[in-house]
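Keep in mind that what you see is a predicted model, and the values were worked out from it rather than measured. Numbering starts at 1 and runs along the sequence shown.
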Amino acid sequence: MIDDQELTIQMLSSNLEKIRIGLVNNRKGEKSAEFVVEEMNKETAEIFAKLQLGKYIPS
């Protein structure tokens, strides 16, 4: 839950659209890869953390 009176649904939606996750091969020649969250601006990162979205990214 985000307890922020100034955060509108439009702002939340806009920031959620900015979150990008990629599947990156972490070693040359091996078939192993990992999910990586791209860099986010401060506002998007705060929303990501408050909603605990990291727990939904496979490890």
Side-chain angles (χ1 to χ4, degrees):
M1 176 182 216
I2 297 179
D3 188 21
D4 186 344
Q5 299 293 329
E6 296 178 8
L7 184 63
T8 65
I9 294 295
Q10 291 81 11
M11 291 169 61
L12 179 60
S13 176
S14 175
N15 279 287
L16 289 175
E17 287 179 350
K18 294 176 186 175
I19 298 172
R20 293 177 40 142
I21 299 171
L23 186 59
V24 179
N25 186 6
N26 57 6
R27 296 179 193 223
K28 292 183 179 180
E30 292 188 23
K31 293 184 178 181
S32 61
E34 62 183 315
F35 286 94
V36 177
V37 180
E38 289 187 2
E39 280 190 37
M40 297 177 262
N41 65 33
K42 182 180 177 184
E43 184 177 20
T44 302
E46 287 176 358
I47 290 170
F48 184 89
K50 287 179 181 179
L51 292 176
Q52 301 177 7
L53 296 177
K55 68 182 178 184
Y56 299 104
I57 299 172
S59 54

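Across all their heavy atoms, N41 and T44 have their closest contact at OD1-N, 2.7 Å. Scanning all heavy atoms of the two residues, the minimum distance from F48 to G54 falls at CZ-N, 3.5 Å.
Interatomic distance, NZ of K18 versus OG of S13, reported as 10.5 Å (0.5 Å rounding). Taken to the nearest 0.5 Å, the NZ atom of K42 stands 13.0 Å off from the CG atom of N15.
Between L23 and E34 the shortest side-chain heavy-atom distance does not fall below 4.5 Å. Two residues are said to be in side-chain contact when any heavy atoms from C-beta on lie closer than 4.5 Å; I47 and I19 fail this criterion. Side-chain contact between V37 and L53 is absent, with no heavy-atom pair separated by less than 4.5 Å. A heavy-atom distance below 4.5 Å is not found between the side chains of M11 and E6. Side-chain atoms of L51 and L16, non-hydrogen and from C-beta on, do get closer than 4.5 Å to each other.
Transitive grouping of hydrophobic side chains (ILVMFWY, heavy atoms separated by less than 4.5 Å) keeps V24 and Y56 in distinct clusters.
E39 pairs by the side chain to side chain donor-acceptor pair (under 3.5 Å) definition with nothing, not counting sequence neighbours.
Other residues, nucleotides and ligands place no more than 12 heavy atoms under 6.0 Å from the CD1 atom of I9.
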